Amino acid sequence: MPTVFVRIFKASGLRKKILFTLGILLLYRLGQNVPVPGVDYRSVTQCIKGGVGNGGLFGLINTFSGGALLELTIFALGITPYITASIILQLLTVVIPRLEALKKEGQAGTAKITQYTRYLTLGLAVLQGAALVAKAQNGGLFPTCQFRTQIVPDTSIFQTSVMVITMTAGTAVVMWLGELITDRGIGNGMSILMFTSLAASLPANLGDIKRSGKILSGWGEFAIVIAVGLCMVYLVVFVEQAQRRIPVQYAKRMIGRRSYGGTSTYIPLKVNQAGVIPVIFASSLLYIPSLIDLGGNSASGWARLIATNLGRDDQPIHLTLYFLLIVFFAFFYAAISFTPIEVADNMKKYGGFVPGIRAGQPTADYLGYVLNRITWPGALYLGLIALVPTAALVLFNGRNFPFGGTSILIIVSVGLETVKQIESQLQLRNYEGFLR
């Protein structure tokens, strides 16, 4: 392993990409620690030390922002608006013919869709920033903290506008940093930034569990958490790498004096075809009802009902809806990312067929049948692993569990993909990779 790192940094092109990526990540972490103008950072620190943050409403966004959301920094919203906008555009591509036509135009159409994603990201950033500032002003972020009303001393319209504009600009900068990593660094920039935010919160959460533990001065709980984390990493790697390989045979064709085809290949259908997208989108939908009541102090019946059942992630209704939405979006995203009819038509066009299955519509029906069968375990796996933090909160007295299912899923997936990209570039230079 050490020799591999030495060979990586000997390759000048790869070394520059890695150093550039590390530099961007350093700037990103710096922005996550710069508070928004108008925020009393001492009051925020006192509330965070008391462990009284609102984990139900803003819990997932705070996790994706590396803890910057509850600290009200310029990168408080993090990459969440961009993720939500990307998912919405992907779903609308199936519904709106204009977006579907742009998708088929190649690079020019993709650039146009990316531009729409940026505009939608800024709109969502304004909406989420306004909700966050309103919650901070009325003490909704830290309901039981005695300093909650001192977090934002000035509640004027001008100060509120400055805070919302600053957070929106921070989201635009995060988008730009992610695109820089994608163009000039290693891996997908947005995924790398999300990976950094999630990994940055692990040491603090582990230390929190160690200090609050009672078994062997906290070392017992610490060992349990590490063991559970390793088991979850193994489970995520196992499921993420699992796939159903459907054999495909191409008929041999004679064109002039040359023969073409006659080869065998396969179609890899992953068990978790949708990745972590169903979890993110389900969380975003559950976040919308609470977002409607920006002030968070409404005395109406529907506001109290939302705050009681959807505003807290330990309520049965919230957990049930969360699980059902994850399963639904797992099937929905698998259906739009893999189209059996289109795959069957392409196979028929080039003389391919599944052994024992007739080409055309029978092949499409067979692919759809297999896709539905393997999506069930993937969807249930996503739903169950997303509920791990809730069960862990009961075991560890309400403390943040560092190895949440969503966090582990993203960290492992991004890590595997980045290692594969580094290995591919090493192999181009005739070097051995990480996995020998």
Side-chain angles (χ1 to χ4, degrees), residues 24-85 118 120-143 145-178 190 193-194 196-198 200-201 204 284 287 290-291 293-297 400:
I24 294 295
L25 295 182
L26 181 62
L27 292 176
Y28 178 62
R29 287 297 298 158
L30 179 64
Q32 288 181 323
N33 291 277
V34 178
V36 172
V39 174
D40 186 355
Y41 191 70
R42 293 182 179 179
S43 300
V44 173
T45 305
Q46 291 294 330
C47 291
I48 292 178
K49 285 182 179 179
V52 291
N54 191 332
L57 179 61
F58 295 102
L60 185 69
I61 302 179
N62 185 57
T63 302
F64 286 164
S65 66
L69 181 131
L70 292 181
E71 295 180 1
L72 296 173
T73 66
I74 60 175
F75 289 168
L77 300 180
I79 200 174
T80 307
Y82 182 85
I83 296 173
T84 307
R118 293 169 182 165
L120 182 58
T121 299
L122 294 180
L124 293 175
V126 172
L127 184 62
Q128 294 182 7
L132 179 59
V133 172
K135 280 287 182 180
Q137 289 177 343
N138 59 44
L141 282 181
F142 306 95
C145 179
Q146 60 178 342
F147 303 101
R148 62 184 182 275
T149 57
Q150 304 175 15
I151 293 177
V152 184
D154 186 2
T155 59
S156 63
I157 297 179
F158 175 77
Q159 183 61 46
T160 301
S161 302
V162 169
M163 295 178 67
V164 173
I165 292 173
T166 302
M167 291 183 181
T168 304
T171 301
V173 173
V174 170
M175 275 197 304
W176 178 60
L177 294 178
M190 302 303 175
L193 293 181
M194 190 187 305
T196 304
S197 298
L198 295 174
S201 61
S284 301
Y287 171 69
S290 299
L291 190 64
D293 182 26
L294 296 179
N297 289 329
N400 290 329

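Small disclaimer: the values here were computed from a predicted structure and weren't measured.
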dist Tyr28:OH -> Leu177:CG (nearest 0.5 Å) comes out at 9.0 Å
If I compare all heavy atoms of Gly38 with all of Pro153, which pair ends up nearest, and what's the gap? O-CD, 3.6 Å
Quick check for you: to the nearest 0.5 Å, what is the distance between Leu127 atom CG and Leu77 atom CG? 10.0 Å
Interatomic distance, CE@Met190 vs CD1@Ile83, rounded to 0.5 Å, equals 9.0 Å
In short, Pro81 meets Gly78 closest at the heavy-atom pair CD-O, 3.8 Å
Set of side chain to side chain contact (heavy atoms under 4.5 Å, CB included) partners for Arg118, sequence neighbours left out: Thr114, Gln115, Met175, Glu179
Not counting sequence neighbours, which residues clear side chain to side chain contact (heavy atoms under 4.5 Å, CB included) with Val34? List them please. Ile74
Residue pairs meeting side chain to side chain donor-acceptor pair (under 3.5 Å), one or both in residues 163-176, sequence neighbours left out, come to none
Quick one: do the Gln32 and Ser197 side chains pair a donor with an acceptor below 3.5 Å? yes
Could you measure the distance from the CZ atom of Arg29 to the CD1 atom of Ile24? Nearest 0.5 Å is fine. 15.0 Å
Rounded to the nearest 0.5 Å, how far does OG1 of Thr84 lie from CD1 of Ile79? 10.5 Å
Between Ala76 and Leu132, the two heavy atoms sitting closest are CB-CD2, 4.1 Å
From Met167 atom CE to Leu72 atom CG, the distance as rounded to the nearest 0.5 Å: 5.0 Å
Residues two or more places apart in sequence or in another chain: which of them pass side chain to side chain contact (heavy atoms under 4.5 Å, CB included) with Val152? Ala136, Gln137, Met163
Leu25/Leu193 under side-chain contact (heavy atoms from CB on, under 4.5 Å): CA gap, chis, key distance, verdict: CA-CA 7 Å; Leu25 295 182; Leu193 293 181; 3.8 Å; yes
Minimum heavy-atom separation for Ala172 to Leu122, with atom names? CB-CD2, 4.0 Å
